[in-house]
2 protein chains.
Amino acid sequence: MTQTDRRTENLTTALRRAGVRITRQRAALLAVLAEADDHPEATELQRRAEEVVPGISLSTVYRTLTELETQGVILRHQFEGTPARFEHSETQHHDHMIDVDSGEVVEFANERIERLQAEIAEAMGYEIVHHRLELYVRKKVAREP
Amino acid sequence: MTQTDRRTENLTTALRRAGVRITRQRAALLAVLAEADDHPEATELQRRAEEVVPGISLSTVYRTLTELETQGVILRHQFEGTPARFEHSETQHHDHMIDVDSGEVVEFANERIERLQAEIAEAMGYEIVHHRLELYVRKKVAREP
DNA sequence: GTCCCTGCAAATGTTTTGCATGTGG
DNA sequence: CCACATGCAAAACATTTGCAGGGAC
């Protein structure tokens, strides 16, 4: 049993305890999400899940993603100009850089930025519920052409 | 002549030079945008513009907003869970805090965060095209109830 | 007068929902 | 078994677009 399988198993148990039935469709999506190290959108997740559950409908994919988001299992990102993209939330908090040319998503974390954000909110009488930091970037060329 | 009027007039001239015809609809939207100190969405801008140009269509509003964004006159923000919201871009760069309870948008600027972002991108071989920092916040209560 | 712009209606793309049927626990 | 999940089709929603007529310059 791989570590990913074990993680998925624990998750499944936790979800069941939370009253979420683990159907074939949901199990497939959980597996797909656990394996994914990119940030796929709903249709891509459907495509990947179909290898296990042919005919899984897009509505079910969306309904499941919403449920998993509610349960805190996954994160939904709305980057500019694309459908929502998803990732499992078992990793450390991080923000995203999006390569505007390739669409590739790179994760990064910076403790100082996090702290500054909290301070700013605090100073204005607010507390942060969540935040969103996205850097839309382009690969640097060694020298101007 | 107010300062807002003067700004709008200069803008109009600049846009005309850029080959953008200033129709009644566009003039109305420019005026509405210049006056607005909030972050209205397209339908709200249509509502406000209708006081000057009754019957202005939503397509025209969207088309104009896209054009003005291209010309660098306005900024389009896609906050979570709402249609796009717009603001004129004549002010200093800033980021946004969104009160999740009221939907109110508060602007803030922080030079250190800006610098950190640039450094992070730089360190990973990228340059920032643009970025997006949104703090979804809640008003702090003096003491837990 | 010439293009560009407008309004309308229809299309688009993503996501949600109503309903009859299927199935996990 | 039965409450909840699914698939399908249709709706919802924000935004864009094709087209015929109108207006800025």
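The model shown is predicted, which means the values in this text are computed figures rather than measured ones. Letters A, B, ... mirror the listed sequences (proteins, then strands); counts begin at 1.
In this structure, Glu41(A) reaches neither bases nor backbone, as no heavy-atom distance under 4.0 Å exists between it and the strands shown.
The phosphate of dC4(D) has neither OP1 nor OP2 within less than 4.0 Å of any side-chain N or O from Arg63(A). At dC8(D), none of the side-chain N or O atoms of Ser57(A) fall inside 4.0 Å of OP1 or OP2 (strictly under the cut-off). Between dG7(D) and Gln25(A), a contact under 4.0 Å exists linking OP1 or OP2 to a side-chain N or O.
Of the charged side-chain nitrogens involved, none lies within less than 4.0 Å of a carboxylate oxygen, so that Lys140(A) and Glu127(B) do not count as a salt-bridged pair.
In this structure, Leu58(B) atom CG and dT17(D) atom P are separated by 14 Å, rounded to whole Å. Put simply, CG on Leu45(A) is 14 Å from C1' on dT14(C), counting in whole angstrom units.
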Would you tabulate the pairs of protein nitrogen or oxygen atoms and nucleotide nitrogen or oxygen atoms of nucleotides 9-11 of chain D closer than 3.5 angstrom?
none

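Of the listed nucleotides (dT16(D), dG7(C), dG25(C)), dG25(C) has the atom at the smallest distance from the side chain of Ile22(A). Nearest nucleotide to the side chain of Thr23(B), out of dT15(C), dT16(C), dC5(C): dC5(C).
Using a 4.5 Å heavy-atom threshold, the side chains of Leu29(B) and Ile56(B) count as touching.
For Phe79(B), the ring pair (Phe, Tyr, Trp, His ring centres under 6.0 Å) partners two or more places apart in sequence, or in a different chain, are His77(B), His96(B).
Where Thr66(B) and Val20(B) each meet DNA chain D at their nearest nucleotide, the meeting point lying more 5' is that of Thr66(B). For Arg24(B) and Arg21(B), each mapped to the nucleotide of DNA chain C holding its nearest heavy atom, the one lying further toward the 5' end belongs to Arg21(B).
Helix bend of the helix from dG1(C)-dC25(D) to dG25(C)-dC1(D): the angle between its two end axes, each built from five pairs, comes to 40° after rounding to 10°.
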